[in-house]
There are 4 protein chains.
Amino acid sequence: MKAQESKRQRRKAERPAELLEAALEVFAEKGFAAARMDEIAARAGVSKGTAYLYFESKEDLFRALVQDRMLLIFTPLEQAFETYEGSSRELLEMLLARFCIRVLGTKLAALPRLVIAEVGHFPELAEFYRRNVIDRGLGFLSRIIARGQARGEFRPGNPDHFARLFVAPVLLSAIWRACFDRFDDEPFDFAAFIETHRKILLSGLAPEPERGKQ
Amino acid sequence: MKAQESKRQRRKAERPAELLEAALEVFAEKGFAAARMDEIAARAGVSKGTAYLYFESKEDLFRALVQDRMLLIFTPLEQAFETYEGSSRELLEMLLARFCIRVLGTKLAALPRLVIAEVGHFPELAEFYRRNVIDRGLGFLSRIIARGQARGEFRPGNPDHFARLFVAPVLLSAIWRACFDRFDDEPFDFAAFIETHRKILLSGLAPEPERGKQ
Amino acid sequence: MKAQESKRQRRKAERPAELLEAALEVFAEKGFAAARMDEIAARAGVSKGTAYLYFESKEDLFRALVQDRMLLIFTPLEQAFETYEGSSRELLEMLLARFCIRVLGTKLAALPRLVIAEVGHFPELAEFYRRNVIDRGLGFLSRIIARGQARGEFRPGNPDHFARLFVAPVLLSAIWRACFDRFDDEPFDFAAFIETHRKILLSGLAPEPERGKQ
Amino acid sequence: MKAQESKRQRRKAERPAELLEAALEVFAEKGFAAARMDEIAARAGVSKGTAYLYFESKEDLFRALVQDRMLLIFTPLEQAFETYEGSSRELLEMLLARFCIRVLGTKLAALPRLVIAEVGHFPELAEFYRRNVIDRGLGFLSRIIARGQARGEFRPGNPDHFARLFVAPVLLSAIWRACFDRFDDEPFDFAAFIETHRKILLSGLAPEPERGKQ
DNA sequence: AATGAATGAGGCTTCATTCAT
DNA sequence: CATGAATGAAGCCTCATTCAT
């Protein structure tokens, strides 16, 4: 009987994560409004009613999903590079590599599109995303770039703009994966594209005397 | 009697455009599923039933909107530069300027987000967009870049990748405008950002001996 | 100008009949609820608005149609045989022949089905039909049969029942034509069927000593 | 717990039949187009949404109703007389009696009118009815009549025509009940009418030497 | 804790009817 | 007289949410 109970307990503990996982799938495929609770519950292997035991509403489920996954991405990134002491250029290169692995290669690539799509429907969520993800991420990158400028690694200019230039091709890739990859026989080669991005951007960011060394 | 008739006729002739304009507004604010025909019709100054005199369904209205606006953007661009004979670098600079004026400064900036948001619900629309907008646009840019490479203006590399790097910050800007600008007191300065983009990208694209002249 | 006016007048005078004709067609094909005023008007060669100049509503049009056509059938029949003096058997035979020509061979064959279909929707119309068409027709037939019984031409029995037996196969034929004929390559041979009906019924109605002489 | 579950299960098992019963009532009263799902559901004691758990659409409900009821009528009839060995005349008499009890006396009498009324709106349904009900029924009767002719019980003639003559007064009765009975204080005496029909038809069908023995 | 049958508000769409021209 | 653009009430259907079991 204990075994059964603990099995139940384990099930109970896993339910929210299983539902979030299923929700990510379905939201990614259908968008918020078109996603049906029936299908999310079914993919999580439970009945519709059960989903409501863990999340108050479809909106609640959506919010929980976004917050959960976004923290999942940022926290380790920030922590890992908090104490970094090498060159800023290499820091950016490592971040780019990380991004490709942690986001573009997974279902998470669907999240930006999802948030973008539902801004109108979830202003509070958009604000949360703006504050906790974008501002946080761009701020993080800006500090790295400012550090590089101070060290003479990068040309002068608005660090926030540079940060956005750094992010833009990654965003484009995520959107491409989520939206348009399906129409090609072989998927777009993100790694090669991001590698090109790395070369061009770092070349463009280099201070005048050092340009051309990529 | 002619004046009377023509007044009616004029209304009739203007209805579709008025409805498309209203649809762009509402779709941009709410997304497809959450947009209500009632509201679209109301903003166009007509009743719900009238909208159905001009468009068979909400889907039809959506399709017409995307097609109409996309043709509006691309056709003049392609025609204007068909016979261009100056430097490729200047061509890209002019395109960038055009983009900012014709897209970022208008409600059209909402369209990319709109399409991105509704891919799941309208696979056919996504494919239409992929073929007629993205492939067309990227192909256009790729040809310009290849031309520049042949003339020794740009460094070697995959023109399609370069084209995407060219577009990415513009896309990010459009999304920013549509999604996150609302949370700031003063709007993001797209012109300055795109100007930074221009400098960095063209610097990064330059062949080795010429780098550093932006 | 007179010519034009009189032409107009002629048009005006013909409009109601043209609309009734079109209405018969469309109602016959679609039933009442599914018939659209648009289509009726179009088949009459006028616009929807014009139809409302002549009939207050779709219901009104329907009522006018039924009354008009029913009177068209019965009045000449009753008048023609008011002064008849021959045998009752021959009278029935002539009626049968008339029915086939005036009803089964024309679009009028659709009317019974039409009325039957819309009883629930138009109780008053059903009552009108009951009193003015059915009771009138069955009464007419009953009087003929009673006359025949008095003359020793027919066996005794409830004349109303005999009248209904007389009508039933005609009704069945009209319904068949309106509903099921479309599924056969060659149409059902009503003439032969009604001829069989004539033989069997008159044989069955004959008084005992005379049976078997058909 | 079993008792509880079985109670629910029993409800669920009974729902379709309850809905079909309610649908028969409402369709019979209003016709297809004018019947509202709200009312059908209400008469079945459930909400509109619940009806859609069991039937995909109003059309589906209508189809299910017709199929269900028609099978209910025909199957036992055919089976009961599969192994019959008595006289064909008695067989027809028994069929007539059955018809009156199983159809004319019940709500089923509304079905023929229903189908007739909706042919235009449901061509596929009409074809289904034509093949599975009419052809089946007339074929059944034709075989009986041909058997009687082979045994010398009936006069020669097209068995299909005879079958239709057999059915016509029954159809008339069903239509009468569904449409016009409501306007009389006391209902039409179907039993007497069908009894008259029996006498007259069998008398008319008899071969010459035997006529007059009804 | 889990289920899934039931609900009913909400939105798209149709079409009889009106009325300005 | 005639038109046809415009209306808006009405009805089918969906699906998030509830609750008895």
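Letters go in sequence order (proteins before strands), and every chain restarts at 1. The basis for the numbers below is simple: all heavy atoms, side chains too, and nothing from hydrogens, waters or symmetry mates.
- Each of S47(D) and D38(B) was assigned the nucleotide of DNA chain E with the nearest heavy atom; the assignment lying further toward the 5' end belongs to S47(D).
- Residues F128(B) and R63(B) are not in side-chain contact: their nearest non-hydrogen atoms beyond the backbone lie 4.5 Å or more apart.
- Side-chain atoms of R15(B) do not come within 3.5 Å of backbone N or O of Y54(B) as any donor-acceptor pair.
- Atom C1' of nucleotide dG11(E) and atom NZ of K30(B) are separated by 13 Å, given to the nearest angstrom.
- When the side-chain nitrogen and oxygen atoms of R15(C) are compared with OP1 and OP2 of dA2(F), one or more of them lie within a distance under 4.0 Å.
- Taking for each of A35(A) and F32(D) the nucleotide of DNA chain F with the nearest heavy atom, the 5'-most of the two is the partner of F32(D).
- Nearest nucleotide to the side chain of M37(A), out of dT17(F), dT3(E), dA16(E): dT17(F).
- K48(D) places its NZ atom 13 Å from the C1' atom of dC15(F), with the value rounded to the nearest Å.
- Applying the salt bridge (Lys or Arg N to Asp or Glu O under 4.0 Å) rule to R43(D) yields the partners E25(D), E29(D), E39(D); only residues at least two apart in sequence or on another chain are considered.
- Which of dA2(E), dA6(E), dA2(F) sits closest to the side chain of L53(A) comes down to dA2(E).
- To the nearest 0.5 Å, atom CG of residue L65(B) and atom CG of residue L125(B) are 9.5 Å apart.
- Rounded to an integer number of Å, the gap from Y52(D) OH to dG11(F) P is 12 Å.
- Using bins of under 30°, 30° to 60° and over 60° for the plane-to-plane angle, the ring pair F27(D)/F32(D) lands in the parallel bin.
- DNA chain E is contacted by both T50(A) and R36(B); T50(A) maps to the nucleotide lying nearer its 5′ end (nearest heavy atom per residue).
- Residue V46(D) has its side chain nearest to dT7(E) when only dA2(E), dT7(E), dA6(F) are considered.
- Nearer the 5' end of DNA chain F, as judged by each residue's closest nucleotide, is the contact made by A51(C), out of G49(D) and A51(C).
- Remark: side-chain polar atoms of R113(C) are paired, donor with acceptor, to backbone N or O of A28(C) under 3.5 angstrom.
- A heavy-atom distance below 4.0 Å to DNA chain F is reached by these residues of residues 55-62 of chain D, ordered by number: S57(D), K58(D).
- Separation of atoms CG (L61(C)) and CG (L19(C)) is listed at 7.0 Å; rounding is to 0.5 Å.
- Distance E39(C) CD to dT17(E) C1': 18 Å, rounded to the nearest Å.
- L24(A) is listed as a side-chain neighbour of R69(A), based on a closest heavy-atom distance under 4.5 Å.
- One N or O on the side chain of K58(A) and one on the backbone of A35(A) form a donor-acceptor pair closer than 3.5 Å.
- Base pairing in DNA chain F yields stems of at least 3 consecutive Watson-Crick or G-U pairs, both distances under 3.5 Å, namely E:2-21 with F:2-21.
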